[in-house]
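Below you'll find the structure, written out as structure tokens, and then a few comments.
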Amino acid sequence: MSATTSLSARKIAGVRLPSQSPSSLWDLTLAHGKIESLHPHADPKSDGSRGHDVLDAHECLLAPSLCHAHIHLDKCFLLQDPKFSDLQIVDGDFKEAMSLTTQAKQRFEEDDLMRRGRRLIEESVAYGVTAMRAFVEVDGDVGMKCLDAGLKLKEEFKARCHVQICAFAQLPLFSGSDDGETVRESMLQAAERDGVDVLGSTPYVEQDNSKMDKNIDWIIQTALKYKKMLDLHLDYHLDESMPPFVWKVLITLKTHEWQKNGGHQITFGHCTRLTYFTPNEWERLKMEMVDLPIAFVGLPTSDLFMMRTPENYRGTMNVPRIIQDHGFEAAIAVNNIGNAFTPQGNCDPLAIASLGVGVYQAGTKKDAEVLYECVSSRAREAIGLPATSLSLKVGEPADFVIFEKGVPAWRGRKAITEVVYDPPPGRTTIYRGSVLSK
Ligand SMILES: [Zn+2]
């Protein structure tokens, strides 16, 4: 499964494209890691285009590559790695997940961080991922260990996957034995490091509302000062009686004049509380956000496993609906692999899109295409990367996934709907025009 060799392609011949008739075949030429041209497929015997730098796609479907808009690199595979085999799930709730992860973090060392993180990226690339926002925790327990490993992996994989690093305060910035001072100092050290793209925090772990306010104010000011993108785990509960915190965040962004001061992309993760929003509240939210570069990222596998009301109802933000009904920028993501926050699932973002068909009751052709975009082009935009699209325009990044190899032609997926309904295993990943072998 390791992706260690690559071939730089000048042309990909004989593909089906998501925005064209499934019965038509196309050739793409690539230059400087971008799409140079698209033409109806020409017989290689007649146009002399055979060569070591021509990839014959054998009539398979080519689509924009996949993207993890939100994935925790440092706490992946804790349930599988023998080093942490004593830390298994007994209660299956949020409190236990925090406790198990805290115990595991006390044992984190470079060798297991690199081993687990490398495996996550390798498996993701094999599924067609060429970009990800990787969260690494920074605090008094782990110091800079998770960040150091994340930055090393970012460098190690730079020819195969764009790894964005989010230095992340999972622990409070203003509560606890030293009122969060150690975590804040660690976050400031992280913000100074080359290669850190994003700063993130979790206001809901603070002791009370005033400390949540301070958390937001501090992380916003720090992201502005260090010119980083901002990513918040926000409104992660299903208690309708608790006012949504998102309003306070928007006021604080405006108070600090985010746009005028050169603020970058902002992303809000989870936001399960917003499932109670009425259409009017969504409209009000849209209006309040109009001048701010904000995207939402829904994390349905974690939400459904972890979040429930006292009556045992589940809830996760209906991402396809807020995109299609209200025009928000949004994506969906895997979040966790193999830990107590989300024990189920794998490194395939398409599995989340497929789950979304049932979870969001989103089964039309248009829904399936939006779900695909939510783990592909929309996921990239949510984390501030250059756009790709299902229409594969000239000049877009030559980052693709080809579905699928090793199946009879009649069974091969020919449209995005088929890929979302039933994600196929056999994929070829192409990053900046390089064909990554598996
Ligand atoms: Zn997360």
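Note that these values count all heavy atoms, side chains included, but never hydrogens, waters or copies made by symmetry. In each ligand, atom 1 is the first atom listed, and ligand 1 is the first ligand listed. Nothing here was measured: the structure is a model prediction, and the numbers come from that model.
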- Message: Counting backbone and side-chain atoms alike, is an N, O or S atom of His72 positioned under 2.8 Å from the Zn ion (ligand 1)?
- Response: yes
- Message: Closer than 2.8 Å to the Zn ion (ligand 1): does that hold for any N, O or S atom in Asn336?
- Response: no
- Message: Looking at Phe277, I'd like to know if the NZ or CZ of Arg284 sits under 6.0 Å from its six-membered ring centre while staying within 45 degrees of the ring's axis.
- Response: no
- Message: What is the name of the N/O/S atom of His233 that is nearest to the Zn ion (ligand 1)?
- Response: NE2
- Message: Once side chain to side chain donor-acceptor pair (under 3.5 Å) is applied, do any residues pair with Ser85, and if so which ones, sequence neighbours excluded?
- Response: none
- Item | Parallel, tilted or perpendicular: ring planes of Phe296 versus Phe328, cut at 30 and 60 degrees | perpendicular
- Partners of Gln88 by side chain to side chain donor-acceptor pair (under 3.5 Å), sequence neighbours excluded? none
